Trainee: 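Let me give you the structure first, and then I'll get to my questions.
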Amino acid sequence: MEEEQELIGLQEGNTISAAEKGGAEVAASKLELTVDEVVEDYIGSFGFSQLLHVLLVSLAWIFDSQNTLATIFSDAQPSAWRCKTSSSSNVNIILNGSSSSSSSFSSSFCLENNGGKGSVDGSVCGLAAGTWEWVGGSTSSTIAEWNLICDRKFLPAIPASLFFLGSLLGSAFFGRVADKWLGRKKAVMLSCIFTSATSFLTSLSPNIWIYALLRFANGFARSGIGICCLVLATEAVGRKWRGQVGQYGFFFFSAGFLSLPLIAYPTRTSWRTLYKILSLFPFCYATLLLPFVSESPRWLLVMGRSGEALDVLKKFARLNGKKLPTNLTLANPSAAKTGSNNSDNKNESLWGTKWAAKRLIMVMAAGFGVGFVYYGIQLNVENLNFNLYFSVALNALMEIPAVVIGTVLLSFTNRRLLFSRSAYVAGSASILCTLFSNNNNKEKGGGSWPQLIIEGVGFMAASTAFDVMYIYCVELFPTNVRNIAVSFLRQALMLGASVSPLLVVVGRMSPSLSFLVFGALSIFSGVLSLWLPETKNAPLYETLKQQEEEEEKQKCLEAAASDSVFELGMETN
């Protein structure tokens with residue numbers, strides 16, 4: 001009997017053990033983690049796979065900056081003209097020299113005197129056609145080729161303004177298709193291919209109007225690069241690395257800016273060649289490098305493609321020398337906590353959610369001022385009265401410390417504080433530039449070194465504010481509308497940028513006025529940011545509903561903690 005009882009007890013123990021084991025297996029099979037948890041706990045916040053991913057994605061920013069700022073050289077006002085005579089000792093007339101006392105010159109005057117110093121309006125405008133020529137040749141810029149001077153002097157602002165207006169509309173288009181249909185990776189590919197095509201077609205422009213139309217198309221095409229690359233890079237890393245990773249793109253944007261003088265100088269006699277060269281880079285990138293980039297696992301999850309999202313995460317883990325649990329499944333936190341489904345996630349409206357709409361309006365208002373100042377200062381370098389290639393290279397070099405400073409400060413500084421202080425510095429520097437206006441220096445034919453230095457510092461601060469605003473926007477909105485939100489910020493930036501070329505043309509007559517307006521708008525943007533919430537170390541939410549609930553919960557916890565501290569202080573007293 002005792003043996004039978006022992007045998008029965010052993011069988012029961014085995015049965016219990018098997019049941020416990022089966023229960024554990026069932027529990028293990030239901031291991032559900034969010035993308036954040038998988039990245040932080042199993043893949044690594046920022047390993048080799050994410051570094052490679054971010055670098056490949058961020059390379060596209062080079063073409064973004066090249067196509068954006070190419071007009072600095074292609075639409076530059078030629079520096080000198082000369083009379084056409086049989087004499088071999090033609091005198092070059094510097095456009096930014098002192099004005100002649102006569103309001104115009106006749107053709108005979110030019111031929112008899114072989115030129116004389118004078119501004120465009122005071123000299124060339126009074127000469128008969130065919131009696132003078134540009135020193136650098138008629139194909140050195142669009143202004144030289146199509147004689148966009150005198151009564152046509154405001155026409156060069158049209159292509160630049162239309163480029164940024166195209167970017168505004170393109171940002172809305174690419175932001176929506178990247179969130180709702182194509183995804184981040186395919187949107188970048190589409191943008192790169194269109195950018196290459198429109199850049200090449202621009203080089204074939206027969207007149208200023210076709211040129212302006214193609215610049216509009218080029219602006220529309222390139223707008224998908226920046227917003228989609230930024231989101232695609234930041235969605236693959238842990239929360240503490242988002243700020244630094246976002247700066248990678250801006251570093252490559254600076255690299256593209258810095259490469260422009262190196263490309264433009266050898267092609268200084270042909271603006272068309274410049275655009276043909278620039279058209280090659282995005283096409284090669286889209287066909288040779290972009291296929292190796294992975295889609296955002298967050299976007300795939302929100303779109304209901306959890307299997308593909310898990311495959312991307314497994315790839316990241318493998319390249320980092322790690323392995324994900326075989327029983328891992330991805331959880332959609334919004335579905336668990338709010339009862340929503342993937343269809344609801346796709347249909348959530350950014351403007352239909354009150355708190356998100358208010359936040360976005362504030363972001364766009366601040367972005368308008370930043371875009372106006374950031375792009376305006378770059379285009380305004382011709383009014384500094386220094387060598388154009390030197391001035392552009394200096395501004396490009398100032399972007400590098402701006403990226404480094406932003407990267408370091410974003411690791412421990414609040415986003416809102418860093419953005420507002422950078423905007424204040426940029427605004428103050430721009431206003432200080434008015435004290436060293438080039439109005440008098442133009443007459444002497446020389447630039448103001450103090451103004452150039454202050455302008456460089458101001459541009460560095462504007463660059464920092466510009467970069468931080470993008471990172472800030474990424475963290476202010478959830479995954480299912482993040483690309484759209486960043487695209488709206490981009491639209492605001494481009495709207496500000498589209499107005500800046502007009503101010504640059506005005507700056508040719510009054511540099512102090514242009515810098516004063518830049519300064520005022522920059523400070524205004526810094527003030528607006530004070531009404532935005534702080535996002536440092538905050539999680540990236542997946543849906544609008546989830547973010548609203550979590551932020552409300554966080555506010556309640558902070559209020560309760562504040563009340564507890566107050567009550568404790570009262571009891572102590």
Side-chain angles (χ1 to χ4, degrees), residues 31-58 183-185 228-252 293-302 306 308-325 328-334 336 403-404 406-416 418 467-468 470-480 482-483 485-486 533-543 546-547 550-551 554:
L31 177 62
E32 290 186 335
L33 298 175
T34 64
V35 174
D36 268 331
E37 291 169 336
V38 174
V39 170
E40 298 287 352
D41 300 337
Y42 291 95
I43 296 177
S45 186
F46 188 58
F48 173 76
S49 62
Q50 289 114 315
L51 174 62
L52 184 62
H53 174 83
V54 170
L55 287 176
L56 286 175
V57 170
S58 300
R184 285 72 161 116
K185 177 182 174 179
C228 297
C229 286
L230 177 65
V231 174
L232 184 56
T234 53
E235 287 185 342
V237 301
R239 66 180 64 178
K240 71 177 183 179
W241 286 97
R242 291 196 304 258
Q244 294 89 321
V245 162
Q247 295 293 300
Y248 277 62
F250 303 128
F251 175 80
F252 284 103
V293 173
S294 300
E295 181 55 87
S296 166
R298 295 179 185 274
W299 179 79
L300 291 170
L301 180 61
V302 168
S306 58
E308 295 177 57
L310 188 57
D311 289 340
V312 172
L313 293 174
K314 287 179 179 178
K315 177 183 175 182
F316 285 156
R318 184 171 62 254
L319 291 176
N320 283 351
K322 299 181 179 181
K323 188 176 182 180
L324 299 184
L328 174 65
T329 59
L330 294 178
N332 189 333
S334 60
V403 173
V404 173
T407 302
V408 173
L409 293 181
L410 279 171
S411 63
F412 61 86
T413 306
N414 290 346
R415 277 64 164 139
R416 182 174 57 190
L418 181 56
D467 298 351
V468 172
Y470 267 116
I471 305 300
Y472 200 8
C473 185
V474 166
E475 298 177 341
L476 283 169
F477 299 94
T479 299
N480 66 331
R482 185 171 296 124
N483 230 97
V486 176
E534 181 52 51
T535 60
K536 183 176 181 293
N537 290 330
L540 286 182
Y541 299 103
E542 308 303 336
T543 67
Q546 180 207 6
Q547 182 161 348
E550 294 295 329
E551 288 186 350
Q554 185 63 29

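Every value quoted in this text rests on a predicted model; they were computed, and no experiment measured them. Index from 1, following the sequence.
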Trainee: For a side chain to side chain contact (heavy atoms under 4.5 Å, CB included) check, start with the C-alpha distance between Ile471 and Leu230, then their side-chain angles and the critical distance, and finish with the verdict.
Mentor: CA-CA 8 Å; Ile471 305 300; Leu230 177 65; 3.9 Å; yes
Trainee: Identify the heavy atoms of Lys536 and Thr413 that sit nearest to each other, and give their distance.
Mentor: CD-O, 3.5 Å
Trainee: Check whether any side-chain heavy atom of Val38 lies under 4.5 Å from a side-chain heavy atom of Thr34, and answer yes or no.
Mentor: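 Val38 does not reach Thr34 side chain to side chain.
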Trainee: Considering all heavy atoms of both residues, which atom of Arg184 and which atom of Cys228 are nearest to each other, and what is their separation?
Mentor: O-CB, 3.9 Å
Trainee: Atom OG in Ser49, atom NZ in Lys322: separation rounded to 0.5 Å?
Mentor: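 Separation between the atoms: 9.5 Å.
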Trainee: Does the side chain of Leu300 come within less than 4.5 Å of Ser306's, by heavy atoms?
Mentor: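 SC-SC contact between Ser306 and Leu300 ruled out.
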Trainee: Which heavy atom of Ile43 sits nearest to which heavy atom of Leu313, and what is that distance?
Mentor: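 It is CD1-O, 3.4 Å.
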Trainee: Answer yes or no: is there an ion pair linking Arg482 with Glu235, defined by an N-O contact shorter than 4.0 Å?
Mentor: yes
Trainee: Just do the side chain to side chain contact (heavy atoms under 4.5 Å, CB included) check on Tyr42 and Leu328 with the steps written out, would you?
Mentor: CA-CA 11 Å; Tyr42 291 95; Leu328 174 65; 5.5 Å; no
Trainee: With rounding to the nearest 0.5 angstrom, report the CG to CZ distance, Asn320 to Phe48.
Mentor: 8.5 Å
Trainee: With side chains defined as the heavy atoms from C-beta onward, is the minimum distance between Glu542 and Asn480 less than 4.5 Å?
Mentor: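 Of all side-chain heavy-atom pairs linking Asn480 with Glu542, none is under 4.5 Å.
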Trainee: Taking atom CG of Leu33 and atom CG of Leu330, what is their separation to the nearest 0.5 Å?
Mentor: 8.0 Å
Trainee: With side chains defined as the heavy atoms from C-beta onward, is the minimum distance between Pro478 and Gln546 less than 4.5 Å?
Mentor: no
Trainee: Does the side chain of Tyr248 come within less than 4.5 Å of Leu51's, by heavy atoms?
Mentor: yes
Trainee: Taking all non-hydrogen atoms of both residues, which atom of Gln50 and which atom of Val237 are closest, and how far apart?
Mentor: CB-CG1, 3.9 Å
Trainee: To the nearest 0.5 Å, tell me how far Thr535 OG1 sits from Asn414 CG.
Mentor: 8.5 Å
Trainee: Does atom CZ of Phe251 have more than 12 heavy-atom neighbours from other groups under 6.0 Å away?
Mentor: no
Trainee: If you take all heavy atoms of Val312 and Pro297, which pair is closest and at what distance?
Mentor: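 For Val312 versus Pro297, the nearest heavy atoms are CG1-CD, 4.1 Å.
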Trainee: Any side-chain donor-acceptor pair under 3.5 Å between Gln547 and Glu551?
Mentor: yes
Trainee: Determine yes or no for a side-chain-to-main-chain donor-acceptor pair under 3.5 angstrom, with Lys314 supplying the side chain and Lys323 the backbone.
Mentor: no
Trainee: Identify which one of Thr543, Thr479, Val35 satisfies the side-chain contact (heavy atoms from CB on, under 4.5 Å) criterion when paired with Val302.
Mentor: Thr479
Trainee: To the closest 0.5 Å, what do you measure between CD (Glu534) and OH (Tyr472)?
Mentor: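 Result: 5.5 Å between the selected atoms.
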Trainee: Would you compute the distance between atom CG of Asp311 and atom CD of Glu308 and round it to the nearest 0.5 angstrom?
Mentor: 7.5 Å
Trainee: Between Leu232 and Glu295, does a side chain to side chain contact (heavy atoms under 4.5 Å, CB included) hold up when you go through it step by step?
Mentor: CA-CA 7 Å; Leu232 184 56; Glu295 181 55 87; 3.9 Å; yes
Trainee: Mind listing the closest non-hydrogen atom pair of Val54 and Ala233 along with its distance?
Mentor: CG2-O, 4.0 Å
Trainee: Tell me whether the centres of the aromatic rings in Tyr470 and Phe250 are closer together than 6.0 Å.
Mentor: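 Yes, the ring centres sit under 6.0 Å apart.
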Trainee: Decide side-chain hydrogen bond (donor to acceptor under 3.5 Å, both in side chains) for Ser294 and Lys315; before the verdict, give the C-alpha distance in whole Å, the side-chain angles of both, and the deciding distance to 0.1 Å.
Mentor: CA-CA 9 Å; Ser294 300; Lys315 177 183 175 182; 3.1 Å; yes
Trainee: Side chain to side chain contact (heavy atoms under 4.5 Å, CB included) between Leu55 and Phe252: does it pass, once the steps are laid out?
Mentor: CA-CA 9 Å; Leu55 287 176; Phe252 284 103; 4.1 Å; yes
